Every structure is written in structure tokens, then in C-alpha cells.
Amino acid sequence: MPELPEVEVVRRGLQQHAAGRTVVAVQVLHPRAVRRHTAGPDDFAARLTGRRLRATSRRGKFLWLPLDSDDALLAHLGMSGQLVVQPVGADDEVHLRVRLTLDDGRELRFVDQRTFGGLDVVGTDRDGVPEPVLHIARDPLDPAFDDAAFVAALRRRRTGLKRALLDQTLVSGIGNIYADEALWRSRLHYARATDTMTRPQVHRLLADVRGVMGEALAEGGTSFDSLYVDVNGRSGYFDRSLAAYGQEGRPCPRCGTPVRRDPFMNRSSFTCPRCQPRPRHGRW
DNA sequence: CCTGCCGCCTGCGCGC
DNA sequence: TGCGCGCAGGCGGCAG
């Protein structure tokens, strides 16, 4: 559930259904799901068993639950990860990777088809931020996000605009969907050179990022299929509101020109060729 | 330092 | 019907 709104939906679900609970048992069904826990699956289980889960936090697409030790349970959903809460005894999901049995007769399950995501138990800094998250920039919904610093940093880059938006060390939480949607709202092309962006353009783009993410959050996130669900297995509805992403050939909601798809970084970018003309001196 | 590329996985839908 | 290919909400590591 990869981008910020979907991860935030999951965070809220964990806060409601997992925070405050104690982990009474841990079962790792697929070691790759805990590969970032370098001490191995047994150590992962040992550091978690008997621990109480505290309030759920998020930065960008990372989320974590501090433990009543000095550690935190850190999760990244990757491309296809889910965290779901199920009653003990519910059928195992096909791609169930890790099962945490809680003290209320339920299980917190990490399910992940492609295993790009994973869990680990890690130390935190003084502010409670997990060590693997320290290099991740704050996200645009974080009250401490520094707009002016972001505008300056983006304009210092020498790359294409969408690459910059996807760089989690510059601004976190934006992935392929919301990058395309925000660029469409701002009428900017993905290959626009970052160092030719004006300050007002970057401020407007940031406002559009926040706008699209806020609307997606209100709809429960974007789900195209059952891979992207909240902790109760429910899908969001924002896919119905997408203007550009995944809309190849469909009319641009603003001008009616068919949306085009271009290959981009081994994936795709969707633009309105009329609203978002390719810059003459763009950067890939 | 900064930028860009590649590999890591599984499954689905499409064209042949 | 079967098979190969392209494609999918992401990231870390490494080369230049």
C-alpha cells in the first residue's frame, strides 16, 4: 500500500487495533520478510515476544510501533505488503509472512506477495525515530516539514522534477501515483528540470501534493485491487478520482486530450500532453 | 558529494 | 490452451 495516504490509513488502523496490545507469540513464515533484521528471525522473535506495542508513528512510507523496551517494531510495505488484524484461527492468507499473536485473541499479520516489504525490530534515536528511518526526509503532512528548505533543496537539484519528488531523502511519502497526480494538478511535466523551477511553482506543486494526498486519505487511499487494503481488509476509493495515473487514452478531465503513458524509470508516467507539455530542455 | 541504474520478488493480463 | 513478455503503489546498493 505503498504511498503516504495508504500507509497512513494503515497507521490509523494499527493505532486502533494493535497499539496497547502485548505480543505473546511470533511466527516468521518467510525469512525474507525480516531480512532487514540482520540478527535473524530468531532474534527478531525474541525481541518482540512479551513486549507491549505503543503508539503508532509514521514518516513517509515507513511506520513503526515503539516497544516497551528501547526498540521499535518497524514496517515497510514495499510494493505489495499489508498489515492486517485477524482473529486467532482465521485462515492464513496465501502470502502470510509473519504472524504476531496479540493478547486479545487476535493476530497482527504481515502479508506480502512480492516480499519487497518487511518488518524488523530496531533501535531509535532520542526522539524515538528508528535508525533505518533517519535518512528519510519528513513528509508533506508532517507539521515540522520545512517548505522553504524543500523549495531551496529541490531547486538545487540537477535532475527531472518527478525523480526529485520520488526521492525519499528530499521529501518522503510520494510514489508513482501521487507524483503523477500532483504534477497533473500543477500542469508540470515529469521531465521538467528542477533547477529551472521558480519558487512559486515549487510552492504550488507542494500545495498540490498535499491536496491530492489529503483527498486520497479522506477516501481511504487508492486501491486498484485486493492487494491494497486497510488493517480490516477494506479497500479505499481514491482510484475513482485519479485524473492521470493509469488513465492512458482516457480524456484529461481538464481539457479532454487523451492521457498519454511514457516509460519512466522502468515504470510509467501518465501526463496530459496538452496541459503538461514536454519541456524543451527537460531532464529524464 | 550527487545522480542514475539495477536487482530484488510474485502474479496477472495480454498477444501470439 | 499454453507460453512468454511486460507490467505493477518501492527501495537499497553501487557505479560513475
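In this text, all values refer to a predicted model and were calculated from it rather than measured experimentally.
A/H135 comes within contact range of the sugar-phosphate backbone alone, with a heavy-atom separation under 4.0 Å but no base atom that close.
Scanning all heavy atoms of the two residues, the minimum distance from A/S223 to A/G236 falls at OG-N, 2.6 Å.
Side-chain nitrogen and oxygen atoms of A/H76 include none within less than 4.0 Å of the OP1 or OP2 phosphate oxygen of C/dG12. At least one side-chain nitrogen or oxygen of A/R261 sits closer than 4.0 Å to the OP1 or OP2 atom of C/dC7. For the pair A/S80 and B/dC9, the criterion of a side-chain N or O lying under 4.0 Å from OP1 or OP2 is not met.
Pairs of Watson-Crick or G-U wobble type, with distances under 3.5 Å, assemble into runs of 3 or more in DNA chain C at these ranges: B:2-8 with C:10-16, B:10-16 with C:2-8.
Lacking a ring centre under 5.5 Å from that of the base six-membered ring together with a plane angle below 30°, A/F116 does not count as stacked on C/dC11.
A side-chain N or O of A/S80 and one of A/D112 form a donor-acceptor pair less than 3.5 Å apart. Judged purely by distance below 3.5 Å, without hydrogens or angles, the side chains of A/Q82 and A/E93 never pair a donor atom with an acceptor atom.
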Next on the checklist: The test is side chain to side chain donor-acceptor pair (under 3.5 Å); show your working for A/R204 and A/S186 and say whether it passes.
Outcome noted: CA-CA 7 Å; A/R204 277 209 338 261; A/S186 274; 5.0 Å; no

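Which of C/dA8, B/dG4, B/dG11 sits closest to the side chain of A/M79 comes down to C/dA8. For A/R157, the side-chain atoms get nearest to B/dT3 when compared with the rest of C/dC7, B/dT3, C/dC11. You'll find that the side chain of A/R163 is closest to B/dC5, out of B/dT3, B/dT10, B/dC5. For A/N266, the listed nucleotide lying nearest its side chain is B/dC6; candidates were C/dC7, B/dC9, B/dC6. Listed nucleotides: B/dC5, B/dT10, B/dT3. Nearest to the side chain of A/Q113: B/dT10.
Other residues, nucleotides and ligands place more than 12 heavy atoms under 6.0 Å from the CZ atom of A/R254.
Interface residues of residues 32-43 of chain A facing DNA chain C, ordered by number: none; criterion, heavy-atom separation under 4.0 Å. Taking a 4.0 Å limit (strictly below) on heavy-atom distances, residues 174-183 of chain A reaches DNA chain C at A/G175, A/N176, A/I177.
A salt bridge is defined here as a Lys NZ or Arg NE, NH1 or NH2 lying under 4.0 Å from an Asp or Glu carboxylate O, and A/R51 with A/D71 fails to meet this definition. Ion pairing between A/D146 and A/R138 fails under the 4.0 Å rule for side-chain N and carboxylate O.
Put simply, CD on A/Q168 is 16 Å from C1' on C/dG13, counting in whole angstrom units.
A single hydrophobic cluster is not seen to contain both A/W184 and A/V209; linkage of ILVMFWY side chains at heavy-atom distances under 4.5 Å, directly or through other members, places them apart.
The aromatic rings of A/H135 and A/F62 stand perpendicular to each other, their planes meeting at an angle above 60°, with 30° marking the opposite boundary.
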